[in-house]
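Please read the structure below before turning to the comments.
Chain identifiers are assigned alphabetically (A, B, ...) following the order of the sequence lines, protein sequences preceding nucleic acid strands; residue numbering begins at 1 within each chain.
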There are 2 protein chains.
Amino acid sequence: MKASIFSALAEPNRFQIVELLQSSPLTVGEISERLGIRQPQASKHLRVLLDAGIVDVIADANRRIYKLRQEPFQEMDDWLISYRHLWEDRFDRLDAYLQVLQNNKKPQSDEEL
Amino acid sequence: MKASIFSALAEPNRFQIVELLQSSPLTVGEISERLGIRQPQASKHLRVLLDAGIVDVIADANRRIYKLRQEPFQEMDDWLISYRHLWEDRFDRLDAYLQVLQNNKKPQSDEEL
DNA sequence: CCATTATATTCCTTTACAGGAATATTCCGA
DNA sequence: TCGGAATATTCCTGTAAAGGAATATAATGG
């Protein structure tokens, strides 16, 4: 996971662009129109998404059609696998450990785990 | 999906904190030591993660034990479901369409699909 | 109450980044 | 070749956020 993916998606307009492109590729004009932002801002945000590897662009005459790349999303999905235990495990041992930490004010003598 | 989750994870130190906490809850001191950053910076980053709902804190005497919350990760995982088609579908029609757009503009192209 | 330990907060400075406005670039058709 | 449409880039400015240093707060043992 590169942090550039997160920082790219952290900006609300860029997040919306990604949500838009989820349905279908779009031109810069369509994007700026649907988001209600000016064309230069749309281009700038798309540049950030492009540099972050989140979108691809294809030239069509003097238009640019932007589409999502699969890699960053697949990467996020893979990254999240190691966090699934947070809601899939019962997590009993860890909760117990926290309980012990809270009850034992000086953990120097009694080691429960 | 709130953008605050992405902006919280966009900062490299905070991302590392999250990766650390994936294994087990930790105190501020342990976190600042393992990341090689000063304690005030660790506290500040943890504050951001707390406000973003990414971590929870439990008081243990004058220590604070931080642990991951499940919700934001579950939320990201759910959010990614609607992007799985990017790598699970063959997506042939769309690729073909884009290919046509590109080839129509080039004078000569012997490339086959 | 005092000293110590652990953590949080404040102030300051620097830097990155977003938006606005203007301009440059590219492509098409007449 | 010229004009217009679509897009990209540059310059400027304001703001938010990160790190450093110092300090404040809270809990513990004596």
Just wondering, do Val18(B) and Tyr83(A) contact through their side chains at under 4.5 Å, heavy atoms? yes
Phosphate OP1/OP2 of dA17(D): any His45(B) side-chain N/O under 4.0 Å: no
Rounded distance in Å - CD1 (Ile65(A)) to P (dC27(C)): 15 Å
Could you state the CD-P distance from Gln39(A) to dT23(C), rounded to the nearest angstrom? 15 Å
Proximal nucleotide (of dA8(C), dA22(C), dT7(D)) relative to the Thr27(A) side chain: dT7(D)
I'd like to know whether CD of Glu71(B) has more than 12 heavy-atom contacts from other residues, nucleotides or ligands below 6.0 angstrom. yes
What is the distance, to the nearest angstrom, from the CG atom on Asp51(A) to the P atom on dA16(C)? 16 Å
Given dC28(C), dT7(D), dA22(C), which nucleotide is nearest the side-chain atoms of Ala61(A)? dC28(C)
Leu46(A) CG - dA6(D) P separation (whole Å): 16 Å
5′-ward residue of the pair Lys44(A)/Asn62(A) relative to DNA chain C: Lys44(A)
Under 4.0 angstrom between Tyr66(B) side-chain N/O and dA8(C) OP1 or OP2: yes
Would you call the rings of Trp79(B) and Phe73(A) parallel, tilted or perpendicular, where under 30° means parallel and over 60° means perpendicular? tilted
With respect to the phosphate group of dT9(C), does any side-chain polar atom (N or O) of Arg47(B) fall under 4.0 Å of OP1 or OP2? yes
Which sits closer to the 5' end of DNA chain D, Arg63(A) or Gln41(A), going by the nucleotide each is nearest to? Arg63(A)
Passing candidate, side-chain contact (heavy atoms from CB on, under 4.5 Å) with Arg14(B), options Leu46(B), Leu9(B), Val48(B): Val48(B)
If you take any heavy atom closer than 4.0 Å to DNA chain D, which residues from residues 5-17 of chain B end up in contact? Glu11(B), Asn13(B), Arg14(B)
Ionic contact status for Arg69(B) with Asp56(B), cut-off 4.0 Å: yes
Starting at CD1 of Ile58(B), measure out to CZ of Arg63(B) and round the result to the nearest 0.5 Å. 14.5 Å
Separation of Ile37(A) atom CD1 from dA21(C) atom P, in whole Å? 14 Å
So which nucleotide from dG20(D), dC27(C), dA8(C) ends up closest to the side chain of Arg38(B)? dG20(D)
Contact check, side chains of Leu35(A) and Leu20(A), non-hydrogen atoms, under 4.5 Å: yes
Write down the distance between CD (Glu30(A)) and P (dA5(D)), rounded to a whole number of angstrom. 17 Å
Between C1' on dT9(C) and CG on Leu50(B), what's the gap in Å once rounded to a whole number? 14 Å
Starting at atom CD of Glu33(A), determine the distance to atom C1' of dA5(D), rounded to an integer number of angstrom. 15 Å
